[in-house]
Amino acid sequence: MKAMIPMFVGLATLSLATLTHADSADNKPKLLREVKTLVTLGDSITQGGGAPGGYVWRMQRYLDALYPNSIKIVNAGISGHKSTDMSDRFKRDVLDNKPDLVTISVGVNDVWHGFYDNHPDGDGPRGVDIETYRQKVTGMVEAALAQGSRVVMLSTTVIHEDLDNKENAKARAYNKVLQEIASAHKCPFVNLFKAFEKPIRAYRAVSGNASDLLTTDGVHLNPAGNELMAHTILRGFGISEKSLESVKDAAKR
């Protein structure tokens, strides 16, 4: 059954072709023009994404292959962090790096931790309520824009691969908030949840619930999940499918 994973991930990748306008590998898409420093803000998925094979590591290699010596990624992911934590360190870890572009990946822990300690409805004290979440994320976006940085908002990925569980129902509401913030501030919104949902549903339709497709534990990403996340973000930047495919082998080295 694991041999089917590349097929499902491939289907999800191809489905992203309509998300953005294509640019050739010789020309940066508009969003990336004059970008020299990209800061990726996030939690453990982002922190771990900097290790070999992680999504941040993969993004750097794709960018290096397409635009040599052009864009440097600074990884600002810290495990366990929520919107409240990221807001507290936003100046130090993001703005002080003087980024031209910032990706904000926040929400998994805000939702997930609310289910800790026997809180089956996700209303536990270790989570972050949705209005505080809205306030903290809005503040970070506005601070970045005020400094002249471009911002790309990333939705959460899944919280366990049971897509109909309470965690993912709540994550969808938080992702709606992210989309509203992005729209209000005219920032691109990359729907990672949707990109993950399609192949997971297809996989589970034939495999049942026996194993996870894109994660190691329902949340943290396996190689296929990291590739899909990197690919989806890069497409969200406006890089064409053709351009990514042209450097795929080089990006793996």
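- Taking every heavy atom of both residues into account, Pro120 and Asn118 meet most closely at CD-O, 3.3 Å.
- Looking at Val35, Asp64, Leu66 one by one, the single match for side-chain contact (heavy atoms from CB on, under 4.5 Å) with Ile71 turns out to be Val35.
- Counting all heavy atoms, side chain and backbone alike, Ala224 lies closest to Leu213 at CB-O, 4.2 Å.
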For residues 97-107, tabulate all N or O donor-acceptor pairs below 3.5 Å that involve a side-chain atom, not counting sequence neighbours.
unit_1, atom_1, unit_2, atom_2, d
Asn97, ND2, Asp93, O, 2.8
Asp100, OD2, Lys36, N, 2.8
Asp100, OD2, Thr37, N, 2.9

key: Test log, rule side-chain contact (heavy atoms from CB on, under 4.5 Å), inputs Asp85 and Ile78   = CA-CA 9 Å; Asp85 304 298; Ile78 295 181; over 6 Å; no
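- The minimum heavy-atom distance linking Gly80 with His113 is given by the pair O-CE1, 3.8 Å.
- A donor-acceptor pair under 3.5 Å is formed between the side chain of Asn168 and the backbone N or O of Ile159.
- One distance of note links OG1 of Thr84 with CZ of Arg89; it measures 10.5 Å at 0.5 Å rounding.
- With Lys28 contributing its side chain and Tyr67 its backbone, the two residues share no donor-acceptor pair below 3.5 Å.
- Within the 4.5 Å cutoff, the side chain of Thr157 has heavy atoms near those of the Ile45 side chain.
- Taking the side chain as every heavy atom from C-beta outward, Met59 and Phe237 approach each other to under 4.5 Å.
- Put simply, the side chain of Asp110 never gets that close to the backbone of Ile130: no donor and acceptor are under 3.5 Å apart.
- The shortest heavy-atom contact between Cys187 and Val151 is CB-O, 3.4 Å.
- In this structure, Glu167 contributes its side chain and Phe115 its backbone to no donor-acceptor pair below 3.5 Å.
- Taking every heavy atom of both residues into account, Tyr203 and Ser211 meet most closely at OH-OG, 2.9 Å.
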inquiry  = Please determine whether side-chain contact (heavy atoms from CB on, under 4.5 Å) holds for the pair Val128 and Lys136, giving the CA-CA distance in whole Å, both sets of side-chain angles, and the decisive distance to 0.1 Å.
reply    = CA-CA 10 Å; Val128 175; Lys136 295 299 184 181; 5.9 Å; no
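- Cluster annotation: Leu228 and Trp57 are assigned to distinct hydrophobic clusters (Ile/Leu/Val/Met/Phe/Trp/Tyr, side-chain heavy-atom contacts under 4.5 Å, transitive).
- Between Thr232 and Ala195 the shortest heavy-atom distance is OG1-CB, 3.8 Å.
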request  = Determine, step by step, whether His231 and Arg235 satisfy the side-chain contact (heavy atoms from CB on, under 4.5 Å) criterion, reporting the C-alpha distance in whole Å, the side-chain angles of both residues, the deciding distance to 0.1 Å, and the verdict.
outcome  = CA-CA 6 Å; His231 200 105; Arg235 292 288 286 118; 3.7 Å; yes
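- Screening residues 112-125 for salt bridge (charged side-chain N to carboxylate O under 4.0 Å, His left out) gives Asp117-Arg126, Asp121-Lys166 as the qualifying pairs, with residues at least two apart or on separate chains.
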Compile the donor-acceptor pairs under 3.5 Å between side chains in residues 176-184 and protein atoms, sequence neighbours left out, one pair per line.
unit_1, atom_1, unit_2, atom_2, d
Glu180, OE1, Arg134, NH1, 3.0
Glu180, OE1, Arg134, NH2, 3.2

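- For the atom pair NE2 of His185 and CD of Glu142, the computed distance is 3.5 Å after rounding to the nearest 0.5 Å.
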query = Going through the distances and angles, do Ile73 and Thr40 end up as a side-chain contact (heavy atoms from CB on, under 4.5 Å)?
reply = CA-CA 7 Å; Ile73 297 180; Thr40 57; 3.9 Å; yes
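- Interatomic distance, Asp43 CG to Lys82 NZ, rounded to the nearest 0.5 Å: 11.0 Å.
- In the model, Tyr174 has no side-chain atom that pairs as donor or acceptor with a side-chain atom of Ser155 under 3.5 Å.
- Between Arg204 and the choices Asp212, Asp162, Asp164, the salt bridge (Lys or Arg N to Asp or Glu O under 4.0 Å) rule is met once, by Asp212.
- Rounding to the nearest 0.5 angstrom, the gap separating the CG atom in Leu38 from the CG atom in Leu63 is 7.0 Å.
- Put simply, Leu192 and Leu163 are part of the same group of oily side chains (I, L, V, M, F, W, Y) that touch within less than 4.5 Å, one to the next.
- The backbone N or O of Gly49 sits nowhere less than 3.5 Å from a side-chain atom of Asn226 that would complete a donor-acceptor pair.
- Lys198 NZ to Ile200 CD1: the interatomic distance, rounded to the nearest 0.5 Å, is 13.5 Å.
- Atom OH in Tyr55 sits 9.0 Å away from atom CG in Leu221 (nearest 0.5 Å).
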